[in-house]
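Note sheet for the following structure.
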Amino acid sequence: EVQLQAFGEGLVQAGGFLRPSCEPSGFTFDDYRIGWFRQGPGEERERVSCISPSDDERYYVNSVKGRFTITSDNAKNTVYLQMNSLKPEDTAVYYCAAVNKSISLTCNIWASGYDYWGQGTQVTVSS
């Protein structure tokens, strides 16, 4: 059974940092692309970042470039999202998702293109 578990819920002040992690199971890690999305209160789900662990493709939405870094630890089958210089507008539930490489040639796709989703982890940034 495919599962994705997201960890790293937290409350921090503006300027602080968090590092949520995504731990997939039930599939071969290298065969999938992993994305991070977020959804704030009353907002649409937004693509934040993604990575293809097998070829190191990475993507960042403009609003997080220079502040967020996505990495994968292939030995641990884990994807991390290092979030620095956090802003109140980063407050959201963060979700990780996975799509098979045979289905998508890139990780940079809409949320509807991802097949598997984690439960979400709450990130709150106070001003």
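For this chain, numbers begin at 1 and follow the sequence in order. Basis for what follows: all heavy atoms, side chains included, without hydrogens, waters or symmetry-related copies.
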Going by ring pair (Phe, Tyr, Trp, His ring centres under 6.0 Å), name the pairs with one or both residues in residues 51-76, residues two or more places apart or in two chains. none
Show me the donor-acceptor pairs within less than 3.5 Å that the side chains of residues 1-21 make with the rest of the protein, sequence neighbours left out.
none

Can you confirm whether the side chains of Asn74 and Ser72 place a donor and an acceptor under 3.5 Å from each other? yes
Determine which pairs satisfy salt bridge (charged side-chain N to carboxylate O under 4.0 Å, His left out) with at least one residue from residues 22-34, sequence neighbours left out, and list them in order. Arg33-Asp55, Arg33-Glu57
Members besides Tyr80 in its Ile/Leu/Val/Met/Phe/Trp/Tyr cluster (side-chain heavy atoms under 4.5 Å): none
Got Pro24 and Tyr32 here, is their nearest side-chain heavy-atom distance under 4.5 Å? no
Walk me through it: do Arg47 and Val61 pass the test side chain to side chain contact (heavy atoms under 4.5 Å, CB included)? CA-CA 7 Å; Arg47 183 175 42 200; Val61 68; 5.9 Å; no
Residues passing the ring pair (Phe, Tyr, Trp, His ring centres under 6.0 Å) test with Tyr95, sequence neighbours excluded, are none
Suppose we screen for salt bridge (Lys or Arg N to Asp or Glu O under 4.0 Å). Which residues come up paired with Arg45, at least two apart in sequence or across chains? none
Which disulfide bond (SG atoms under 2.5 Å apart) pairs, counting each pair once, include a residue from residues 97-127, with sequence neighbours left out? Cys50-Cys107
Is there a path of hydrophobic side-chain contacts, each under 4.5 Å between heavy atoms of I/L/V/M/F/W/Y residues, joining Val93 to Val125? no
Any residue meeting side chain to side chain donor-acceptor pair (under 3.5 Å) with Thr28, in chain and number order, not counting sequence neighbours: none
Between the side chains of Ser54 and Lys101, does any donor sit under 3.5 Å from an acceptor? yes
Between Val48 and Ile109, is there shared hydrophobic-cluster membership here, with clusters defined by ILVMFWY side-chain heavy atoms closer than 4.5 Å? no
Does anything in residues 82-93 pair up under salt bridge (charged side-chain N to carboxylate O under 4.0 Å, His left out), and if so which pairs, sequence neighbours excluded? Arg38-Asp90, Arg67-Asp90
How about Glu44: does its CD atom have over 12 heavy atoms from other parts shown lying under 6.0 Å from it? no
Ring pair (Phe, Tyr, Trp, His ring centres under 6.0 Å) with Tyr94: which residues, sequence neighbours excluded? none
Under the ring pair (Phe, Tyr, Trp, His ring centres under 6.0 Å) definition, can you give me all pairs with a residue in residues 107-126, not counting sequence neighbours? Phe37-Tyr114, Phe37-Trp117
Can you sort out the partners of Ile103 under side-chain contact (heavy atoms from CB on, under 4.5 Å), two or more places apart, ordered by chain and number? Val99, Asn100, Asp115
